[in-house]
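Remember, it's 1-based here, ligands and their atoms both numbered in the order they're listed. The analysis underlying the following values was restricted to heavy atoms, covering all of them including side chains, and did not include hydrogens, waters or symmetry mates.
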Amino acid sequence: GSADPLLEGLVDHRPDRATITADVLAGLSARPRALPSKYFYDARGSALFECITRQPEYYLTRAELELLSRVLPEIAAHAGPRVRVVEYGSGSGRKTRLLLQGLDDVVAYTPVEISRTALLDSIRALAVDFPAVEMLPVCADFTALPALPPPRRAARRTLLFFPGSTLGNFTEAAAVAILRGMRQAMGEEGLALIGIDLDKDPGLIEAAYNDAAGVTADFTLNLLARLNREIGSDFDLSCFAHRARYVVPWRRIETSLVSRRAQVVHVAGHAFAFEHGEAMHVEYSHKYDDAQFAAMAATAGLRVAAAWDAPARMFGLRLLRP
Ligand code: AVI
């Protein structure tokens, strides 16, 4: 066994090789072909995403961090003292740091993160800076949330934190299911603080997913490298190209890997023929307007208690309650 107390307490539901293989075979057999975006986040994928958040075109993270620091006193007033914070898709923990500093007497912090490396790195750093906060990490896909570890000290309410517009990576039906899961996990006194990207000039949105340095393209292609390593597929990275387009009527970025020539890819004993120019869907990034977001929340049994927007509606934070 490990002597590391963080590892011993870790609730670990990392997807195994059989699960990833089954998901990939199903996606490659569908038309149009698709791969699940959650598999972007291996150690290198999480690091590349961090790098994306620092690109000049990727306005989302900067806008959200500024907005969060500005409105934190209001959020803290809504939350009150002795809160348990549960974060979905916590990543590097930059926003968490702000939140844990700004809230009054946080009892426990539970990050739910699919990348084990990102989870452990961030919680180790947070444990040093917030010694009074009990750290209860969960390595899992938050769409299949396991029972959350209870804090030692009783909390007055649970605040679910879901920043980054990660909700936008799901179809509307899946996003409503996540919101419903949040409604259940938070209890009657609970709150959810959700970051959403807002609909705006398509040119600005498209640039954010096509940065000049090519980090987003590397991030998208890393999905194939990860699959090659973990499930033994033979995707040739030089034969696929990143493509991200904003589809105005759907208010979403659709990201694909486009086959640069006719080719055959092998996965777990199956052969998949790609046509030249064939697009394999890998990610949605939905952008929202207020009426649509409020309607989704309402369908999940939640209402918008407060709404804050960054200047020029570059990004939004929404506080939801039952
Ligand atoms: C994590 N998620 C909200 C990011 C987004 O903007 O959809 C992932 C990403 N994909 C490409 N760039 C960033």
* Asked: In terms of side-chain heavy atoms, does Asp199 have a donor or acceptor partner in Tyr246 at a distance below 3.5 Å?
  -> yes
* Please determine, by modelled atom types, if Asn169 and Ser37 share a side-chain donor-acceptor pair under 3.5 angstrom. => no
* Asked: With a 4.0 Å cut-off on heavy atoms, is Gly168 touching ligand 1?
  -> no
* Structure fact -> The option among Tyr284, Phe219, Tyr58 carrying the non-hydrogen atom nearest to atom 4 (C) of ligand 1 is Tyr58
* Could a heavy atom of Phe49 be found less than 4.0 Å from some atom of ligand 1? -> yes
* Asked: Based purely on interatomic distance, does Tyr209 place a nitrogen or oxygen under 3.5 Å from a nitrogen or oxygen of ligand 1?
  -> yes
* Can you find a side-chain donor-acceptor pair between Tyr109 and Glu87 that sits under 3.5 Å? -> yes
* Structure fact -> Nearest heavy atom to atom 3 (C) of ligand 1, choosing from Gly89, Gly164, Gly195, belongs to Gly164
* To do: Write out the residue and atom name of the closest protein heavy atom to atom 2 (N) of ligand 1, then the distance separating them to 0.1 Å.
  => Asn169 OD1, 2.9 Å
* **Side chains of Ser259 and Glu278, donor plus acceptor under 3.5 Å** => no
* To do: Under 4.0 Å from a heavy atom of Ile52: give me the atoms of ligand 1 that qualify, with their elements.
  => 12 (N)
* Check each atom of ligand 1 against the heavy atoms of Tyr41 and keep those under 4.0 Å away; list them by number with element. => 1 (C), 8 (C)
* Structure fact -> If you scan protein heavy atoms around atom 7 (O) of ligand 1, the nearest is Ser285 OG, 2.6 Å
* Asked: Quick one: is the NZ or CZ of Arg251 closer than 6.0 Å to the six-membered ring centre of Tyr288, and within 45° of its axis?
  -> no
* Of all the atoms in ligand 1, which lie at a distance below 4.0 Å from a heavy atom belonging to Thr166? -> 1 (C), 3 (C)
* Structure fact -> re atom 8 (C) of ligand 1, the protein heavy-atom contact at minimum distance is Glu283 OE2, 3.4 Å
* To do: Report, in ascending order of atom number, the atoms of ligand 1 lying under 4.0 Å from any heavy atom of Ser165.
  => 3 (C)
* Donor on one side chain, acceptor on other, Thr53 and Arg94, under 3.5 Å -> yes
* Asked: Centroid-to-centroid, Tyr41 to Phe219, below 6.0 Å?
  -> yes
* Asked: Between Leu35, Asp23, Val267, which is the residue that forms a side chain to side chain contact (heavy atoms under 4.5 Å, CB included) with Leu227?
  -> Leu35
